[in-house]
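Here is the structure we will look at.
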Amino acid sequence: MLKFILGRAGCGKTDEIYNRLCGISDKAMLIVPDQFVFEAERIIAERTDEKADNITVTGFSALADKLLRRYSKRNSYADDTAKHIIMQE
C-alpha cells in the first residue's frame with residue numbers, strides 16, 4: 001500500500017515516517033533521494049536496534065536500475081553508438 005504523509009515544513013513528517021516504519025512487522029520500502037540512503041538506513045537501524053530486516057531503504061536511481069534489470073528485455077540501456085557519443089562529450 002502506498003501512503004502519503006503531507007504537511008508544512010517542520011511539522012514532523014520525517015519523524016512520523018520513521019515511527020510508522022519502525023512500528024510495523026510487514027515488509028516495507030522507504031524510497032529516498034540517493035544522497036539520503038545511508039542516513040535513512042542509519043536512523044532505522046538506531047531506532048530498531050538493528051533488527052529491521054523487513055525494511056528496505058533504496059534510492060531512486062537504485063530502484064530504477066533494479067526495475068529495468070528485472071523487467072527490461074535488453075541487457076544494456078544504451079547501444080554501442082550511444083555509449084561512444086557519451087564518452088566523447
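Numbers for residues simply follow the sequence, beginning at 1.
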Partner set under salt bridge (Lys or Arg N to Asp or Glu O under 4.0 Å) for Asp53, not counting sequence neighbours: none
Name all residues meeting the side chain to side chain donor-acceptor pair (under 3.5 Å) criterion together with Asn54; count only those two or more places apart in sequence or in a different chain, and write none if there are none. none
Side-chain heavy atoms nearer than 4.5 Å, only ILVMFWY residues, links allowed to pass through others: does that put Ile5 and Leu21 together? yes
Residue pairs fulfilling salt bridge (Lys or Arg N to Asp or Glu O under 4.0 Å) with at least one residue in residues 3-13, sequence neighbours excluded: none
Hydrophobic cluster (4.5 angstrom, side-chain heavy atoms) - remaining members for Ile31: Met29, Phe60, Leu63, Leu67, Tyr71
Using side chain to side chain donor-acceptor pair (under 3.5 Å) as the criterion, list what pairs up with Asp49, not counting sequence neighbours. none
Please collect all salt bridge (Lys or Arg N to Asp or Glu O under 4.0 Å) contacts where either partner lies in residues 17-35, sequence neighbours excluded, each pair once. Glu16-Arg20
Between CZ on residue Phe38 and CD1 on residue Ile43, distance to nearest 0.5 Å: 10.5 Å
Roughly how far, to the nearest 0.5 Å, is the CZ atom of Phe36 from the CG atom of Leu30? 12.0 Å
Going from CD1 on Ile17 to SG on Cys22, what distance comes out if it is rounded to the nearest 0.5 angstrom? 11.5 Å
Look only at the side chain of Asp65 and the backbone of Ser61, and say whether a donor-acceptor pair between them is shorter than 3.5 Å. no
Please test Asn19 against Arg47 for side chain to side chain contact (heavy atoms under 4.5 Å, CB included), starting from the C-alpha separation and ending with a verdict. CA-CA 8 Å; Asn19 290 337; Arg47 292 189 183 198; 3.0 Å; yes
